[in-house]
Amino acid sequence: SEIPDNLKALFRPIAMTYPDKELIAEVFLRAEGFIAAKTLALKIVLLFSLSKQVLTPQRIYDFGLRALKAVLQTAGKLLLETKQVVKNGLQPLS
């Protein structure tokens, strides 16, 4: 079904793309202080995509950008804690 010309004039064409999760993860990891951010980002995004493919499609599984950001934030916090432990002269817990 074709949209009438008077209605077409009210709408603007848009283009939508998928976010580049690898680039987003790399930038986030680098901002958190990881030196090997590019390889870590590749591995984390690959883990997310493989998990999305292999695990059964249920509502409890979330492998979107929100979950990726949460994982990257947790990794940044763990890196900061490890740096503080090493700075104080103590042994890391792991």
Side-chain angles (χ1 to χ4, degrees):
S1 67
E2 188 68 27
I3 298 175
D5 288 335
N6 60 347
L7 284 177
K8 263 188 200 176
L10 299 174
F11 294 103
R12 295 182 185 161
I14 60 168
M16 301 197 57
T17 61
Y18 287 103
D20 187 358
K21 290 182 181 181
E22 190 175 328
L23 180 62
I24 292 169
E26 179 185 350
V27 169
F28 204 98
L29 287 170
R30 200 163 301 276
E32 290 288 339
F34 285 89
I35 296 169
K38 189 170 188 93
T39 56
L40 284 173
L42 174 69
K43 291 177 182 181
I44 291 172
V45 170
L46 183 63
L47 174 71
F48 267 64
S49 65
L50 288 174
S51 297
K52 187 174 184 177
Q53 291 173 6
V54 172
L55 294 175
T56 58
Q58 294 182 13
R59 298 178 85 193
I60 59 170
Y61 297 137
D62 179 25
F63 299 109
L65 283 176
R66 187 175 297 139
L68 180 64
K69 183 181 176 190
V71 168
L72 297 175
Q73 282 179 329
T74 304
K77 287 179 186 176
L78 289 173
L79 179 68
L80 182 64
E81 289 174 5
T82 303
K83 284 182 179 180
Q84 288 175 349
V85 166
V86 171
K87 182 180 175 183
N88 292 334
L90 302 172
Q91 292 293 324
L93 294 175
S94 60

Heavy atoms of other groups near Lys38 NZ, more than 12 under 6.0 Å: no
Members other than Leu23 in its cluster, when Ile, Leu, Val, Met, Phe, Trp, Tyr link by side-chain heavy atoms under 4.5 Å? Val27
Rounded to the nearest 0.5 Å, how far does CD1 of Ile44 lie from OG of Ser49? 12.0 Å
Quick check: closest heavy atoms across Glu22 and Ala41, and the distance to 0.1 Å? O-CB, 3.6 Å
Calculate, to the nearest 0.5 Å, the distance between atoms CD and CG belonging to Gln84 and Leu79 respectively. 10.0 Å
Charged N to carboxylate O under 4.0 angstrom, Arg30 versus Glu26? yes
Supply the atom-to-atom distance Ile3 CD1 to Phe11 CZ, rounded to the nearest 0.5 angstrom. 6.0 Å
Hey, could you give me the CD/CG distance between Gln73 and Leu68, rounded to the nearest 0.5 Å? 10.0 Å
All side-chain contact (heavy atoms from CB on, under 4.5 Å) counterparts of Pro19, not counting sequence neighbours: Ile24, Leu65
Hydrophobic clusters join Ile, Leu, Val, Met, Phe, Trp and Tyr when side-chain heavy atoms are under 4.5 Å apart, directly or via other members; which others share one with Ile35? none
For the residue pair Ala75 and Phe34, what are the closest heavy atoms and their distance? O-CZ, 3.5 Å
State, yes or no, whether a side-chain contact exists between Lys77 and Thr74 at a heavy-atom distance under 4.5 Å. no
If Ile, Leu, Val, Met, Phe, Trp and Tyr residues are connected whenever their side-chain heavy atoms lie under 4.5 Å apart, and connections chain through other members, are Val71 and Leu47 in the same group? no
How many angstroms lie between CG in Leu80 and CD in Glu32, if you round to the nearest 0.5 Å? 8.5 Å
For the CG atom of Leu40 and the CZ atom of Phe28, what is their distance to the nearest 0.5 Å? 14.0 Å
